[in-house]
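Since we're looking at a predicted model, the values are computed, not measured.
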Amino acid sequence: MLEIGKRLEPLWDDYLVDEEASDAEIRCHQPVNHGVVMTFDKPWEGDGCNYNNLVIEPDGLMRMYYLGWEMISADKKKHTHDIVVCYAESRDGIHWERPNLGLCEFEGSKDNNILLDKSFDGGFDNFFVFRDPKPGVPADELYKALYARPAHDGLEHALCCALSADGLHWRHGWVVTTEGMFDTLNTACYDVSADIYRVYLRGFHHENEELGLNEKIRDIRFCESKDFRSFTSPKLLDFRGKDDYPLYTNVITPYYRAPHIFTGFPSRYVERSAWSDAFEQIPGAEARRMRCDIHPRYGLAVTDCVFMSSRDGITWDRADEAFIRPGPENGLNWIYGDGYPVLGQFEVPGVMPGEEPRLAILMSSIGHWSMKPAGMGLYTIRRDGFISRHAGYRERTVTTKPFLLRADEIYLNLSTSARGYVTVEVLDRNGFPITGLSSEEYFGDSTDRRIHFSGDLSRLNGNVVRLRLRMRDADVYAIRFA
């Protein structure tokens, strides 16, 4: 028996759904691309700008942290300057400003938005920031960061933390772990439900230890801590026996509308074994060949990203259809570096007046590896809209597992055609309809449609019940108990 309480339950997994009593299709949805909202064209930025992550303050201010660097310059030098950590701000996620921080010098001037440079612990391969929501956290540790420290001055390669009171001025923390590769956006969050910190990092694995580094499988691992000081040894995420293929850049965070659920958008690495006619015909072949001259995988690898979710941060449900594909060929995509979402979800107004807000995700990798300034794109999708339970023209059903009803009202996130519909029946724990507790047909497109029953739902408060949804030409994304 499930304890749902009064909360939103997305239908992305089988937690609430009785799969044996349901025949609606599980459908993965893709977001809409709205184009570039920021171009990284400053001298300290370049085509290597990536691993962006957002911190959204209680007052709505969006603070973005990202790397600035040149991946490969026109004269085929891999890096033209050391990696720096940059900072930008926005109130809407669309219009971004680079404040002059005056903290680090670049080419003789501190008139820039560089937050940290190589003088901080020998440099970076990534830098991730989160605002710690744990009650009682010391003020000077409100902002925490993870970064990959290179081996230097007798120190070994490690994933380390940094601490800050304001998110701008940082001091060294301590080593989180030395077990891993760390060359990606490693992330951390505080799990409110379990009262524990979770860190997600990059590793490699393969049964054959003699394989070369790039023959091994890129993976995502986790470690845990009660105090963000001592951490468990990293372990692989559990994908319930699904195909084992290369994943990294995990972008894991608690879902903002249902913090008891984690979402992730890992990048999927695909390296072709040899040059082919497909590469020849995709725009940008000349730049791709140049990258192959430096290292074959720089030209033969392509990436995208997938969606995954978890209830405990350890076992994950992963949709293997791409969440964001590289998209229509334009000379700047279908490269190693597509599909790097920015960590952090927010809402933007609907396209038409009167529309509900849409969930927005930024994509940091427009033009990555292109020898041109990289860009950051904006994508939107309906709230809770990553996965739905779908019915075509033939009626299908979704039946929940038994749960303890603690709500007076039920709302659906639904979308139907004009001819389509969704109805809701309340069943007893054994699956038999309860007289007087069924709904009429609902149609429309809303993320929060209140369902009216023929009888009084509140009379069943404290009882174990099920719900059965009958659907036709419709999608249901989530159920909210209120």
Side-chain angles (χ1 to χ4, degrees), residues 31 37-38 40 49-57 60-68 85-90 93-94 96 115 124-133 143-148 159 161-162 164 167 176 182-192 197-202 218 220-222 237 247-259 261-268 303-310 313 316 318 323-324 337-348 359-366 368 374-381 386:
V37 296
M38 186 175 181
F40 300 114
C49 288
N50 63 355
Y51 297 153
N52 308 44
N53 64 104
L54 296 181
V55 171
I56 302 177
E57 298 289 350
L61 176 67
M62 298 183 190
R63 313 176 78 180
M64 182 171 66
Y65 301 82
Y66 62 100
L67 301 185
V85 179
C86 303
Y87 173 83
E89 293 181 345
S90 176
I94 300 171
W96 290 88
L115 193 70
F124 310 91
D125 182 77
N126 48 75
F127 195 83
F128 165 80
V129 180
F130 78 107
R131 191 179 195 273
D132 193 342
Y143 297 88
K144 294 179 171 66
L146 295 178
Y147 65 96
L159 183 66
C161 78
S164 173
V176 172
F182 319 133
D183 56 334
T184 183
L185 184 67
N186 306 286
T187 67
C189 61
Y190 173 64
D191 183 343
V192 177
Y197 292 99
R198 303 191 185 280
V199 170
Y200 296 93
L201 54 95
R202 156 77 177 276
R218 292 158 171 81
I220 305 169
R221 301 172 183 240
F222 75 95
L237 298 188
L247 291 170
Y248 64 121
T249 313
N250 61 79
V251 197
I252 290 172
T253 186
Y255 182 49
Y256 75 105
R257 282 169 53 83
I261 300 174
F262 296 88
T263 60
F265 303 89
S267 300
R268 181 165 53 177
T303 50
D304 57 20
C305 77
V306 295
F307 170 75
M308 63 184 190
S309 66
S310 175
W316 291 80
R318 188 185 71 209
F323 176 63
I324 299 180
D338 286 323
Y340 284 12
V342 175
L343 190 147
Q345 301 163 25
F346 55 96
E347 294 185 0
V348 295
L359 187 158
I361 296 174
L362 296 168
M363 182 67 66
S364 69
S365 51
I366 310 301
H368 193 58
M376 181 174 68
L378 175 72
Y379 288 74
T380 66
I381 195 168
F386 308 116

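Here Tyr379 contributes atom OH and Met363 contributes atom CE; the two are 5.0 Å apart, rounded to the nearest 0.5 Å. Summarising the geometry, atom CG belonging to Leu201 is positioned 9.5 Å from atom CD1 belonging to Ile220; distances are rounded to the nearest 0.5 Å. The CZ atom of Arg268 sits 12.5 Å away from atom CZ of Phe323, with the distance rounded to the nearest 0.5 Å. To the nearest 0.5 Å, atoms OG (Ser164) and CG (Asp132) are separated by 12.5 Å. Note that CE of Met62 and CG of Leu54 are 7.0 Å apart. Values are rounded to the nearest 0.5 Å. Here CD1 of Ile361 is found 6.0 Å from CD1 of Ile324. Values are rounded to the nearest 0.5 Å.
When the ring-ring contact (aromatic ring centres under 6.0 Å, His included) test is applied to Phe40, the partners found at least two apart in sequence or on another chain are Tyr66. In this structure Tyr255 satisfies the ring-ring contact (aromatic ring centres under 6.0 Å, His included) test together with Trp12, sequence neighbours excluded. Every residue meeting the side-chain contact (heavy atoms from CB on, under 4.5 Å) condition with Thr303, not counting sequence neighbours, appears here in chain and number order: Tyr248, Tyr269, Tyr336, Asp338, Tyr340. Every residue two or more places apart in sequence or in another chain that forms a side-chain contact (heavy atoms from CB on, under 4.5 Å) with Pro254 is listed here: Cys189, Phe262. The ring-ring contact (aromatic ring centres under 6.0 Å, His included) test applied to Tyr65 returns Tyr87, not counting sequence neighbours. The ring-ring contact (aromatic ring centres under 6.0 Å, His included) search around Tyr190 returns Tyr197, not counting sequence neighbours.
Partner of Arg202 under the side chain to side chain donor-acceptor pair (under 3.5 Å) criterion, chosen from Asn250, Asp125, Asp183: Asp183. With Thr249 as reference, Thr184 is the one residue of Thr184, Thr187, Asn186 to meet the side chain to side chain donor-acceptor pair (under 3.5 Å) rule.
Side-chain N or O atoms of Ser267 include one that pairs as donor or acceptor with a backbone N or O of Gly339 at under 3.5 Å. Between the side chain of Asn53 and the backbone N or O of Gly344 there is no donor-acceptor pair closer than 3.5 Å.
Contact of the Leu359 side chain with the Tyr256 side chain is registered, since non-hydrogen atoms from C-beta on lie closer than 4.5 Å. Contact annotation: the side chain of Cys161 approaches that of Val176 to within less than 4.5 Å [non-hydrogen atoms, C-beta and beyond]. The closest side-chain heavy-atom distance from Leu378 to Leu362 is below 4.5 Å. Using a 4.5 Å cut-off on side-chain heavy atoms (C-beta onward), Val251 and Pro266 make no contact. Side-chain contact between Tyr200 and Leu146 is absent, with no heavy-atom pair separated by less than 4.5 Å. Side-chain atoms of Arg318 and Leu247, non-hydrogen and from C-beta on, do get closer than 4.5 Å to each other. Counting heavy atoms from C-beta on, the side chains of Glu57 and Glu89 never come closer than 4.5 Å.
Minimum heavy-atom separation, Gln345 to Ile56: O-CD1, 3.5 Å. Considering every non-hydrogen atom in both Asn52 and Ser364, the closest pair reads OD1-CB, 2.9 Å. Here the shortest heavy-atom pairing between Ala148 and Asn126 reads N-OD1, 3.4 Å. Contact between Ser90 and Leu61 at its shortest, heavy atoms only, is O-CD1, 3.7 Å. Shown here for Gly167 and Tyr143, the closest heavy-atom pair between the two residues is N-CD1, 3.4 Å.
Taking the ring centroids of Phe265 and Phe307, they lie under the 6.0 Å cut-off.
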Side chain to side chain contact (heavy atoms under 4.5 Å, CB included) evaluation trace for Thr263 with Thr253
CA-CA 6 Å; Thr263 60; Thr253 186; 3.9 Å; yes

Yes or no on side chain to side chain contact (heavy atoms under 4.5 Å, CB included) for Tyr147 and Val129, after CA distance, side-chain angles and deciding distance?
CA-CA 9 Å; Tyr147 65 96; Val129 180; over 6 Å; no

Worked check of side chain to side chain contact (heavy atoms under 4.5 Å, CB included) between Phe222 and Val199:
CA-CA 5 Å; Phe222 75 95; Val199 170; over 6 Å; no

Please evaluate residues Met64 and Met38 with respect to the criterion side chain to side chain contact (heavy atoms under 4.5 Å, CB included), reporting the C-alpha separation (whole Å), side-chain torsions for both, the decisive distance (0.1 Å), and the verdict.
CA-CA 12 Å; Met64 182 171 66; Met38 186 175 181; 3.6 Å; yes

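Note on ring orientation: taking the six-membered ring where Trp is involved, the planes of Phe127 and Phe124 are perpendicular (angle over 60°, cut-offs 30° and 60°).
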